[in-house]
Amino acid sequence: MRSRKIGRALALTIVMTLAADTTFISIKATAAQNNDESTWEEKFRAILKKEGQADKIKETMRTLSSEPHHVGSAADKRNAEWIRDQMKSWGLDATIEEFDVLFPTPKERVLELTEPEKYQAKLKEPAIPEDPDSGDENQLPTYNAYSGDGEVTAQLVYVNYGVPADYEQLAKMGVDVKGKIAIARYGASWRGIKPKVAYEHGAVGCLIYSDPKEDGYYQGDVYPKGPYRNENGAQRGSVMDMPIHPGDPLTPGWGATKNARRLSRDEAKTLMKIPVLPISYGDALPLLKSLGGQVVPESWRGALPITYHVGPGPATVRLKVVSDWNIRTIYNVVARIAGRDYPDEWIIRGNHHDAWVNGADDPVSGMAVLMEEARAFGELLKQGWRPRRTIIFCAWDGEEPGLLGSTEWVEQHAEELMRKAVVYINSDSTGKGWFNASGSHTLERFVNDVARSVNDPKGKGSILDAALSRRSAQGRDDGERRDMRIGALGSGSDYTAFIDHLGIASLNLGFGGEGGGGIYHSIYDSFAWYTRFSDTTFEYGLTLAQAAGLAVMRLADARILPFEFTNFSETVGGYVDEIAKLPKPPGQEVDVAPLRKSVNRLKQAADEYDRALRSVVNTGAAPGDTKELNALLYQSERKLLSEAGLPRREWFKHQIYAPGFYTGYGVKTLPGAREAIEQKNWAEAVEQVKVISRTLDAMSSQIEAAARKLRGQ
Ligand SMILES: [Zn+2]
């Protein structure tokens, strides 16, 4: 490793921001030469404040959402090329990197009620005159990608959300789905969990419908009058078994390059075994109305004008799904700005560009923001800015089917990323309301610092102030701490491979919470919808560009990378408390003492690093060797991996965060131990407690080493 001494000429300028009752410290290490970080930040802000800037996001959205652009479509490739060319025109070194992935599209879809009366499901979202894009050609029909092929005729059973707890309730009611077709409503879990759990209970098919209670007329006026889902709207989406591993089902753990080794479809572990279709509430109503049997428990009721029954039958349906199992090419755009001092330390910023249909909200609202950041960085480059570290902007393809583009890229470049990746910052759909952030808690303080320095569009202080006053208004004040706490990452967007597979500290940023909608993954997720009901002025989009852009700049230019560990140790301590309190049968204990011991050591190490950092702040003394210190800091998240991975899903190596095996997107923290206890696998729980303790100890050693390095020892 090359060591690099920082001379006194490069004095550290350290800015300490002490909010009245907080202990936030931002270290702005500033070179004396003409690369003053805060000046460049001001220039970046100035670019985004220019007249008409929000309209640029709007025009990018108009371009990228003008045609359906799912994987394999002409518009998908065209969009990737357009993004690349834009990036190039701004002075970034942009290329397209291709992968070849399994992406099924529907050949046949049939759903009919055969008993007690006949009904042929429409399975079609009609165009509406108020929304010109809704009549576009080349829309993918409503379907669930990676559904099993098959034709089944069986009685129907209503399974509520179709999560494991619902089947416990069904068992109490004496109802079984074996040999039946389950109909589940969207909500409460990621959609892929519903057919998976139905299959585990012996169902031969699965329907997933959008109940109006979730995102239809129960919530507000439906599209086009209002933003919510109309009776014909259906939610497309993947039912790949992503909690096993995301990415191309045929190349688990390695890149799906043209000549890569590929599994057969029979060998693939993430393909759904039974036929699955998503349907609208217009199509679900005749089916549910025909169910007999017991009346459902109160919490199972949706908002359709019927009394909900569980069945089974007499409603009987015929369900047929046949897909075209083609290999398609996906197009990731990768655009670089080479680092001046540390070209081999990478700050990566990504958003996906593929959509299910036009996707103005998902993903273009986030993609257009990312492009504004890249455009602004391009202008800074022209003004003479050179970031210390390398910045890589990525526009991922194939996110919707199963995080294909990002996962294949991460797998293909795993060895290099393990060495070079400092942080990954993701965004996806973004709207209006409040700033939200999830991610690695080693970056929680950093996120607060960034949020504190970005103004809220409503003009009431910073986006941090706005988020905190909303928390108070909702009565969610969190103990003594007055900063914003970030959520843990589960799955559901392109950060998954970075954090869960490689241990690259990651963040997911966006705005939301104001207004709602029901156009997710439908043909009505369009420019017309977004510009009427979401961030209509694009001022929140612009604010997100500012927050994410500042985060990237600060990470790229920091002398000492802004990782810190006291928030992390506190958060992990909280997870251990949760594990200890999980319900267990009388007499059954899972000893969490090893975890408590490791958390104590972690806390001491975190405090020690914090003290060392404060002493640098107070004395202004520059540490001798920031390169080695920074390597210890950004490699720290790697210490949270276990090479063996989680039980029965070794692709997931992170021991602190993982998407739940039975929740999908929903996060499970300390997943190895938590899920073993939830599934009453006591021997495994004891084993996993040890694995997590060892992982935390490795993290503590790393932090202790960083503290020593910071003290110049
Ligand atoms: Zn998305």
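First listed ligand is number 1; within each ligand, the first listed atom is number 1. FYI, side chains are in, hydrogens and waters are out, and symmetry mates aren't considered; it's all heavy atoms of this structure.
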Determine which of the N, O or S atoms in Asp362 is closest to the Zn ion (ligand 1) and give its atom name. OD1
Applying side-chain contact (heavy atoms from CB on, under 4.5 Å), run through Arg236 and Val357 and close with a yes or a no. CA-CA 9 Å; Arg236 287 160 193 74; Val357 196; 3.8 Å; yes
Can you label the angle between the Trp409 ring and the Phe498 ring as parallel, tilted or perpendicular, going by 30° and 60°? tilted
The Zn ion (ligand 1) is nearest to which N, O or S atom of Asp428? OD1
Quick check for you: to the nearest 0.5 Å, what is the distance between Tyr424 atom OH and Ser506 atom OG? 8.0 Å
Output the atom name for the N/O/S atom of His352 with the smallest distance to the Zn ion (ligand 1). NE2
Are Tyr281 and Tyr217, when compared by the centres of their aromatic rings, separated by less than 6.0 Å? yes
